Amino acid sequence: MHLIFLLFIATFCSAAVLQLPTKSTGSLRAKLIQSGKYPEFLASQHVSRLNSGALPLADYMDEIYTANITVGTPPQSASVVMGTGSANFWVVGAGCTSPACNGFPDSGHTKLKFYSNKSSSFVDLNRKFFINYPTGACSGYLGTDVLQLGGLTVKNQEFAVTTQISDQMGHFPLDGVLGLAWPPVAVDQITPPMQNLMPQLDAPIFTLWLDRVLQGSQGGSGGLITFGAIDTKNCDAQVNYVALSSKTFWQFPLDGVAIGSYTSMKKDQAISDSGDFGLRLPLAVLNAVIQQTKATYDWTNEFYTLDCSTMQTQPDLVFTIGGMQYPVKSVEYILDLGLGNGRCVLAMFTDSSTGFGPSFGFGNVFLRQYCNIFDVGNARIGFAIAHHSF
Ligand SMILES: *[C@@H]1O[C@H](CO)[C@@H](O)[C@H](O)[C@H]1NC(C)=O
Ligand SMILES: *[C@@H]1O[C@H](CO)[C@@H](O)[C@H](O)[C@H]1NC(C)=O
């Protein structure tokens, strides 16, 4: 009786639990390899990567998950990356007219642009915006407007309308980026959407679940962001939490890492980054993985490859976090990007820029295997085994 009454209260007096589907874009590299445009793309990356900067979001961006949101009155749609490795929200503006702003043909997407002059609720803050990702810069101007996502509404969300974006953003089917990290990470001190959304929710948390990708280039398979609750349908009931070591990125301590006969119990720091496709590792750990899996470097395509036939049989890469072990299976960390020579790709890399931030970055490879529960209220992150339909 009491329980039923409490459930009744919880259902009717609470704020909200809302869900927003996400969609995988598929691997950019796989698409470029298949269309023979990869060497050209690599050459362009060498130029823009010299402009190396602060945020790990777009580092080695390859496959991303986007979600649909709207901005303005009446609402204008945009498909944005929901990235936990950055904290700024921006959309491509109508004044952005370069080829990247329209979307390169290989992205298979004509960018939806935001017309601030068509929104009755847009307020121009008369301030310039500039963000420098490792893959290039984006710039524009700042304003506030109504943001709607997953049935939630933020009336006065600060955001940027870009008038210039990096080439890499033009290769992706995205109209913007919505960062879900903490306020200190946001450039220009603008309040990230997360801070404005949390008060509306049952609980100040969100869960990210990413579904599997069958074939590298395809994409299309989805994921789900649940605001205000743990996603109990797609994630295991057992959630292990670890306190954040910093309320900047979703940063937490790492107790150790092991693969095959290699073990390192060196304490380190890691971040969860849903804007990143793979696993970012310190050089020593990457070298250990290469040794244990016998991966070899492909000088043409500039990544480590191994025989696709070993996809199921390579040793687990095991992370120890908060005293718990999290094995990442080789079927997750080896990707088939359709190289056509029986070789598959190791979805790991090391950060060549020296010494900035935590040395481990857990991107989609990790997220597909473990739901991440971003507990804003308690400043902690939880991990639970992700369920998949295949
Ligand atoms: C976003 O909207 C487009 C156009 O309506 C649709 O094709 C796409 O599937 C949507 N994406 C998601 C993740 O819901
Ligand atoms: C709105 O902005 C766009 C892009 O800057 C411009 O082309 C258009 O003429 C503007 N419309 C009005 C009504 O001012």
Side-chain angles (χ1 to χ4, degrees), residues 27 29 56 59-60 62-63 84-85 208-213 216 235-236 238 240 242 249-298 303-337 343-352 357-372 381-388:
S27 164
R29 279 177 182 74
D59 207 0
Y60 292 81
D62 182 55
E63 179 228 5
T84 55
L208 188 53
W209 167 75
L210 301 185
D211 205 355
R212 286 234 161 83
V213 181
C235 309
D236 197 78
Q238 190 188 335
N240 300 309
V242 61
F249 294 105
W250 285 93
Q251 182 179 331
F252 51 92
L254 188 72
D255 304 331
V257 56
I259 182 167
S261 61
Y262 170 87
T263 303
S264 164
M265 294 313 267
K266 186 170 168 279
K267 299 237 178 294
D268 218 316
Q269 296 285 314
I271 65 165
S272 163
D273 185 357
S274 61
D276 206 328
F277 84 105
L279 293 167
R280 181 163 51 84
L281 308 169
L283 187 60
V285 177
L286 181 64
N287 282 338
V289 173
I290 290 159
Q291 212 168 37
Q292 298 291 325
T293 59
K294 304 194 169 55
T296 55
Y297 196 66
D298 175 335
F303 37 52
Y304 285 95
T305 65
L306 355 78
D307 270 337
C308 295
S309 63
T310 68
M311 209 162 176
Q312 314 267 354
T313 55
Q314 294 284 359
D316 293 351
L317 178 59
V318 185
F319 295 104
T320 306
I321 305 162
M324 302 290 298
Q325 294 202 324
Y326 297 88
V328 176
K329 294 189 167 65
S330 58
V331 69
E332 300 287 352
Y333 70 67
I334 299 172
L335 303 177
D336 186 354
L337 299 189
R343 302 293 284 176
C344 281
V345 173
L346 195 61
M348 299 177 200
F349 58 93
T350 196
D351 200 345
S352 47
S359 35
F360 288 82
F362 289 3
N364 300 340
V365 164
F366 185 82
L367 277 153
R368 278 197 286 267
Q369 203 165 338
Y370 299 98
C371 290
N372 282 201
I381 185 166
F383 306 103
I385 291 170
H387 299 316
H388 298 288

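Positions are given from 1, in the same order as the sequence printed here. Predicted model only: the values in this text are computed from it and were never measured.
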Pairwise side-chain contact, V285 with Y262, heavy-atom cut-off 4.5 Å (strictly under) | yes

Could you check F252, W250, W209, F319 and say which one makes a ring-ring contact (aromatic ring centres under 6.0 Å, His included) with F383?
-> F252

Under 4.5 Å between any side-chain heavy atoms of T293 and I259, yes or no?
-> yes

Backbone N/O of M311 and side chain of S330: donor-acceptor pair under 3.5 Å = yes

Give the ring-plane orientation class for F349 versus F277, where under 30° counts as parallel, over 60° as perpendicular and anything between as tilted.
-> parallel

D298 and T305: side chain donor to acceptor below 3.5 Å = no

Identify the two heavy atoms, one from S272 and one from T84, that lie closest to each other, and give their separation to 0.1 Å.
-> O-OG1, 3.0 Å

Look only at the side chain of Q369 and the backbone of P327, and say whether a donor-acceptor pair between them is shorter than 3.5 Å.
-> yes

Check step by step if side chain to side chain contact (heavy atoms under 4.5 Å, CB included) holds for V242 and M324.
-> CA-CA 10 Å; V242 61; M324 302 290 298; over 6 Å; no

Looking only at heavy atoms, the pair that brings A384 and C235 closest together is CB-CB, 4.3 Å

Drop me the distance from D316's CG to K329's NZ, to the nearest 0.5 angstrom.
-> 6.0 Å

Value rounded to 0.5 Å, distance of CG in D336 from SG in C344 = 4.0 Å

Indicate the atoms forming the closest heavy-atom contact of K267 with D255, along with that distance.
-> NZ-OD1, 4.1 Å

Would you call D307 and R343 a side-chain contact if the rule is heavy atoms closer than 4.5 Å?
-> yes

Just by distance, do the side chain of T350 and the backbone of L281 share a donor-acceptor pair under 3.5 Å?
-> yes

Would you call L254 and I321 a side-chain contact if the rule is heavy atoms closer than 4.5 Å?
-> yes

Report the distance from atom CG of N364 to atom CD of E332, rounding to the nearest 0.5 Å.
-> 10.5 Å

Kindly indicate whether the side chain of M348, heavy atoms from C-beta on, has any atom under 4.5 Å from the side chain of Y304.
-> no

Heavy-atom side-chain proximity of Y333 to L346 below 4.5 angstrom | yes

Tightest non-hydrogen contact, residues I334 and T310, listed as CD1-O, 4.3 Å

Is the shortest distance from a Lys or Arg side-chain nitrogen in D211 or R368 to a carboxylate oxygen in the other one below 4.0 Å?
-> no

Looking only at heavy atoms, what is the nearest atom pair of G278 and V365, with distance?
-> CA-CG2, 3.8 Å

Could you label the plane-to-plane angle of the F362 and F366 rings as parallel, tilted or perpendicular, counting under 30° as parallel and over 60° as perpendicular?
-> tilted

Validation row: Q269, P253 side chains within 4.5 angstrom (heavy atoms) | yes

Heavy-atom distance under 4.5 Å between the side chains of V318 and Y326, does that happen here?
-> no

Which heavy-atom pair separates G260 from P315 by the least distance, and what is that distance?
-> N-CB, 3.8 Å

For the atom pair OG (S359) and NZ (K266), what is the distance rounded to the nearest 0.5 Å?
-> 6.0 Å

